[in-house]
Amino acid sequence: MTVRTRIAPAPSGYIHVGNARTALYSWLFARQQGGVFVLRVEDTDAKRATQEGFEGALEDLRWLGLSWDEGPGPGGEFGPYRQSERFEGYRAATLSLMESGHAYRCYCTADEVAARRARKGGAQGYDGHCRKLSELERSELQRSGRPSAVRFKVPDGRTISFDDVVRGRVETGTEQIGDFVIQRSDGSPTYLLAAGLDDLLMNITHIIRGEDLIPATPRQILLREAMGATDVPVFAHLPLLVDERGRPLSKRWGDVAVRSYRERGFLSQAMVNYLALLGWSYDDRTNIFSLEELVDRFSLERVGRNPAAFDENKLEWLNLHYIKQTEPGELARELMPICAAAGIDAEVTVLEAVAPLLVERLRRLDEAPPMVRFLFQEVAPDEKALKVLAGQGDYLKAVLEALENLPEWTAQAIEDRLRELASERALKPKQAFQPIRAAVTGTLVSPPLFESLEILGRGRTLQRINSLTAGQVG
Ligand code: GLU
Ligand code: ZN
């Protein structure tokens with residue numbers, strides 16, 4: 001049997017970290033088992049699904065390195081992989097469930113259902129009202145043109161059970177499951193039907209998803225059975241993601257899109273490594289895993305049941321680790337869009353030169369723009385820089401002279417000369433170097449000074465010091 005897993009995002013926006021974790025675990029498991037990873041886009045809700053959201057979701061998965069074997073793009077023999085392209089199939093399946101007596105039309109409006117519930121003292125769910133309609137009542141309602149949804153007829157008196165790889169045996173009595181809607185009155189399929197049918201048609205063998213979907217599982221097992229399936233896939237429901245205060249992460253959707261971490265300068269290796277640890281562990285000590293190592297070591301059996309707390313400090317710690325490991329050229333390419341977003345028209349070769357100076361200082365790539373801005377733009381000194389510059393006119397003139405006459409423009413030569421000047425004037429290093437940093441970079445935060453000056457070049461260095469001594473600083 002070939003293992004087949006899937007990720008099924010609903011593209012109403014970008015991929016959320018919860019979905020990204022599900023995608024990662026499904027991908028890892030498929031890769032490790034020599035199986036197939038399927039991407040299915042659950043875009044049946046036309047109001048929420050946009051083309052932009054669709055493309056954004058694909059882009060996020062690509063960024064994480066989770067390539068799919070079947071789905072939009074590569075295609076595959078079990079398509080379509082966008083649910084919006086399978087509406088006819090869902091309708092046909094609904095019709096055949098009605099013909100085989102597993103489903104029926106429900107003419108109740110939401111108000112009617114609510115009113116009956118209230119009369120029964122706040123009962124939950126659907127009361128099966130239309131299940132009991134006579135043929136005559138049914139055809140009259142149909143003729144009257146009343147809109148109707150289609151509900152699945154949940155069998156009485158059964159217990160639906162499945163062995164969840166993470167949670168063990170899960171049992172649900174069918175008395176706890178009301179007849180649920182499989183087709184809305186506008187003819188569109190519900191998630192329960194669409195995903196249930198797709199999992200069946202796509203021969204998905206392992207359904208890995210968030211534990212918020214546990215209630216869907218017995219319903220989808222019943223649907224499969226009614227649609228003639230003889231097997232049940234393996235289920236693994238992943239623990240809830242919570243924030244540092246234990247609240248479900250999905251409540252703060254906006255800040256937990258994978259895209260927003262990317263924009264804030266997290267590397268995809270750090271993100272993948274971090275997501276892997278959100279619910280899974282290898283042992284108590286090892287925290288750093290590349291994607292390849294994860295393929296080797298991951299196992300669903302080591303996924304825990306307890307809620308997994310999203311800890312941004314740990315993510316930053318991992319990010320720092322991966323930034324240090326990144327080649328300067330690669331880091332420069334990563335920094336290009338981050339600089340662009342900060343309004344800096346950077347050059348990749350200059351970023352590559354400065355990258356080795358930055359790696360030790362960055363927890364996130366978005367900390368880089370303030371440190372490199374001076375390499376690409378004239379910078380007016382900020383408030384702190386101005387304070388340091390006050391009264392330094394004479395000293396800066398001496399600096400200017402010293403640097404003008406340097407035989408070679410290297411960090412070492414610059415350093416030697418400036419240290420010499422500092423001792424001539426009996427200045428402590430900080431007193432000597434902060435004004436130069438302020439003059440040239442406009443800030444007091446920059447990469448190491450001498451290397452920065454080398455990269456900036458003699459011409460621009462002198463010109464910036466000169467423009468300050470020429471006027472602003474007394
Ligand atoms: N579209 C669902 C979601 O984004 C996935 C449901 C499933 O995995 O069955 O949560
Ligand atoms: Zn009804």
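Position 1 is the first residue of the sequence, and the numbers go up from there. One-based numbering, in listed order, for ligands and for the atoms of each.
- With a cut-off of 2.8 Å, the Zn ion (ligand 2) has an N, O or S atom of Tyr126 in range.
- Protein heavy atom in closest approach to atom 3 (C) of ligand 1: Ala8 O, 3.9 Å.
- Figure legend: cation-pi geometry between Arg151 and Tyr126, with NZ or CZ positioned under 6.0 Å from the six-membered ring centre and within 45° of its axis.
- If you check the side chains of Glu137 and Ser134, you find a donor sitting under 3.5 Å from an acceptor.
- The shortest contact between atom 1 (N) of ligand 1 and any protein heavy atom is with Glu42 OE1, 2.6 Å.
- At the top of the distance list for atom 8 (O) of ligand 1, counting protein heavy atoms only, stands Arg6 NH1, 2.5 Å.
- Of the N and O atoms on the side chains of Gln220 and Asp199, not one donor lies less than 3.5 Å from an acceptor on the other residue.
- For atom 9 (O) of ligand 1, the closest non-hydrogen atom of the protein is Tyr191 OH, 2.6 Å.
- Phe298 and Tyr25 have tilted rings, their planes meeting at an angle from 30° to 60° on a 0 to 90° scale.
- With a 4.0 Å cut-off on non-hydrogen atoms, Leu213 touches ligand 1 through its side chain and not its backbone.
- Distances between N or O atoms of Arg40 and those of ligand 1 include no value under 3.5 Å.
- Thr217 and Arg209 share a donor-acceptor pair across their side chains, judged by distance under 3.5 Å alone.
- Which parts of ligand 1 touch Arg209 is read off a 4.0 Å heavy-atom cut-off, strictly below it: atoms 7 (C), 8 (O), 9 (O).
- A cation-pi arrangement is absent between Arg146 and Tyr107, since the terminal nitrogen or guanidinium carbon is not both under 6.0 Å from the aromatic centre and inside a 45° cone about the axis.
- Within the 2.8 Å limit, Cys106 places at least one N, O or S atom next to the Zn ion (ligand 2).
- Geometric assessment of Arg131 against the ring of Tyr104 yields a negative cation-pi assignment under the 6.0 Å and 45° thresholds.
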